[in-house]
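Worksheet: the structure to be examined is printed underneath.
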Amino acid sequence: PATRSESVFSKILLILNNFKQLEMSFAITPESNERNGAFMKRKWWHDKVAYQIYPKSFLDTNGDGIGDLKGIISKLDYLKELGIDIIWLSPVYESPFVDQGYDISDYYKIAEQFGTMDDFDTLVAEMKKHGMHLIMDLVVNHCSDKHEWFQKALADPDGPYAGYFYFREGKDGKAPSNYRSNFGGSAWTKVPGTNKYYLHTFAKEQPDLNWENPVVRKKIYEMINWWFEKGISGFRIDAIINIKKNLDFPSFPADGDDGLVSCDKMLASAHGIGTFLEEMKHETFDKYDAFTVGEVFHLKEDELREFIGEDGHFSTKFDFSAHVLSYGEHGWYDAPALDFNRWRTALFDTQKADLTVGFEANIIENHDEPRGATHYLPAHARNEAGVKMLAATYFLLRGIPFIYQGQEIGMTNCVRNDISEYDDISTKDQYQAALNAGCSKEAALHACYENSRDNARTPMQWDDSAYAGFSTATPWIMVNPNYTKINARDQINREDSVFKYYQKLIKLRHESELIVYGTYDLILDDDKDIYAYIRTLGDEKLIVYCNFSENTREVELPKEFTNGKVLISNYSDAKVNHKITLRPYEAIVIQK
Ligand code: TEU
Ligand code: CA
């Protein structure tokens, strides 16, 4: 019996051990356990690189001046050559395009401007052949006022469809509370022929959906799963913090001359969003091993793990810590200039907070932001070497890198001479806000040049032919005149181009566990123009130096790197020594 129990015991041990091994095979090297989130199970998307496409401005194939799905399909080889694994497609659903597709009138249809559902299925199939994953844009805080649900709600403001939205009685002939929408003006619009108002945290054509209504939630989950069944791999989730309201809808002290207060104030006073997000995840994403990235602004600090921890609501969320630094108190016209030190600290704080929690999605640009080449670089560094340096600052951080279309060729902000040359609803509002605050026309236009979302929405610059090779007809929005110099054809054909530099960065990341999983330490953090950091995984290490100044700077290289090798550099003749001489806007990456 003794032998028997011994053997049972050893069998149990064996089983336990196997179990442990199984777990370890998913885990990151044990020695760096407590610092690099080794508790996290490996996920298919950890080592991936994503690329955002803004379909309307990517490539037009039928000569109507509007980008389309066929255009995207025809450029998959280009993206594959760059090294892209995941494509995030900004909305392609049927829409009146008041907010460029972020106002959806039918979640089950493709906008006719972009093509057909057959085109979409072809895109999914072609991407599979290319070994790429597609993620869609999930816009479910609001829909379009042309959506059937809202039309039915308007037709019967006391009926069941009104319960899909936030219909509330006005107070003393005025809106229920004093919220300003994200695009200006009251966030409440009157329902014709009633004393009721409906809530919209964005444009009045984007009524907020009532997530408290279980029927609405069920319909949203059904729609999400319907797209998964088509073969997509996940979603980027729009304005998701907005789905939880403070149902008392209290007024707050005004924060501007218009007597209104940002609707964010009400959202910040709402609690319990996690219940919705967990339910959505359980009903949809979990079933498909999806990759999800939340557009999450203003997270409370203790909520990070709930959002992006191993069992978080989302796989990851965008790190907007750098972007929010440029928000003005009242709008674009009083936005502070970028401060290098505050920017570096913001990125570092994110890295520090994420280390034992999960991965964030790192970005320089998206369709709501100015071009990084203009926004983050000092004037003297706005050249190809500088653009590559900017790439090195963010691409080798811990987290999932996203590239926005055109960023990989160094596209820039676009000068416009009149507000009529802008299309974006938010830009028009910000321009007016600047004039109302007493800015001159020139100053208001300059604020738009610096901040407008249309900077990112100019057509992709493919070559130096008419309309930058984007279309054969006048594009829906003006082409940046610098396309004759900055375009993909030139970039692909030149060894020292920005495109080739991004291609190398992507390759490095694909081949390096250190870059994907390593810890992050900021160094030289009191230097006023050098951005430098070290990544570590077990015995492996790499160091990144970026010199933002226009002067040559010498830095002492930590001993362990003096025999290291240059992994990538934006100057052709970079060398490793005990001292590193950093030329203006030089970026150098050295592996131990
Ligand atoms: O953006 C949400 C959002 O909060 C932004 O509007 C942000 O406040 C602004 O861009 C800062 O300049 C998402 C989409 O990315 C955006 O394009 C949409 O307009 C918006 O939601 C509404 O769907
Ligand atoms: Ca077209």
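In each ligand, atom 1 is the first atom listed, and ligand 1 is the first ligand listed. Note that the numbering runs from 1 along the sequence shown for the chain.
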*List the steps, then state whether side chain to side chain donor-acceptor pair (under 3.5 Å) holds for Y166 with N210.*
CA-CA 6 Å; Y166 292 103; N210 179 6; 3.3 Å; yes
_Can you name the atoms of ligand 1, numbered from 1 with element, that are less than 4.0 Å from a heavy atom of F183?_
19 (O)
*Have E450 and H446 got a donor and an acceptor in their side chains that come within less than 3.5 Å?*
yes
*Out of T201, D264, D255, which one pairs with R180 under the side-chain hydrogen bond (donor to acceptor under 3.5 Å, both in side chains) rule?*
D255
*Residue portion contacting ligand 1 (non-hydrogen atoms closer than 4.0 Å) for R453*: side chain
*Decide whether the shortest distance between a heavy atom of R236 and an atom of ligand 1 is less than 4.0 Å.*
yes
_Strictly under 3.0 Å, is the Ca ion (ligand 2) approached by any N, O or S atom of I66?_
yes
*Check whether any protein heavy atom sits under 4.0 Å from atom 11 (C) of ligand 1.*
yes
*Of all the atoms in ligand 1, which lie at a distance below 4.0 Å from a heavy atom belonging to Y327?*
11 (C)
_A cation-pi test, strictly: NZ or CZ of R416 under 6.0 Å from the centre of the six-membered ring of Y422 and no more than 45 degrees from its axis. Yes or no?_
yes
_Of all N/O/S atoms in D68, the name of the one nearest the Ca ion (ligand 2)_ = OD2
*Among all protein heavy atoms, pick out the one at the shortest distance from atom 20 (C) of ligand 1; state its residue, atom name and that distance to 0.1 Å.*
F202 CE2, 3.7 Å
*Counting heavy atoms only, name the option from I237, D368, V98, I240 that's nearest to atom 17 (O) of ligand 1.*
D368
*Quick one: report the N, O or S atom of D64 that is nearest to the Ca ion (ligand 2).*
OD1
_Could you identify the N, O or S atom of D60 positioned closest to the Ca ion (ligand 2)?_
OD1
*Check whether any N, O or S atom of S471, backbone or side chain, sits closer than 3.0 Å to the Ca ion (ligand 2).*
no
*Compute whether any side-chain donor of one residue and acceptor of the other, for T284 and N225, lie under 3.5 angstrom apart.*
no
*Quick one: do Y221 and E279 satisfy side chain to side chain donor-acceptor pair (under 3.5 Å)? Show the steps, please.*
CA-CA 9 Å; Y221 305 153; E279 183 186 79; 2.6 Å; yes
*Please step through salt bridge (Lys or Arg N to Asp or Glu O under 4.0 Å) for the pair D418 and K441, ending with a clear verdict.*
CA-CA 9 Å; D418 193 83; K441 186 185 158 196; 3.3 Å; yes
*atom 4 (O) of ligand 1: which protein heavy atom is closest, and how many Å away?*
F297 CE1, 3.9 Å
*Hey, are the side chains of S326 and H375 touching, using non-hydrogen atoms and a 4.5 Å cut-off?*
yes
*Can you tell me if Q100 and Y54 form a side-chain donor-acceptor pair at under 3.5 Å?*
no
*Distance to 0.1 Å, residue and atom name: give those for the protein heavy atom nearest to atom 21 (O) of ligand 1.*
D238 OD1, 2.9 Å
*For atom 1 (O) of ligand 1, which protein heavy atom lies nearest, and how many Å away is it?*
E295 OE2, 3.0 Å
*Between W88 and H367, how do the two ring planes meet: parallel, tilted or perpendicular, split at 30° and 60°?*
perpendicular
*Under 4.0 Å to a heavy atom of D99 - the qualifying atoms of ligand 1, by number*: 18 (C), 19 (O), 20 (C), 22 (C), 23 (O)
_Any protein heavy atom nearer than 4.0 Å to atom 7 (C) of ligand 1_ = no
*If you measure only the distance, is there a donor-acceptor pair under 3.5 Å linking the side chains of D454 and T427?*
no
*N/O to N/O below 3.5 Å, does that happen between W332 and ligand 1?*
no
*What orientation do F276 and W211 show, parallel under 30°, tilted 30 to 60°, or perpendicular over 60°?*
tilted
*Considering only heavy atoms of H142, which atoms of ligand 1 have at least one such atom less than 4.0 Å away?*
22 (C), 23 (O)
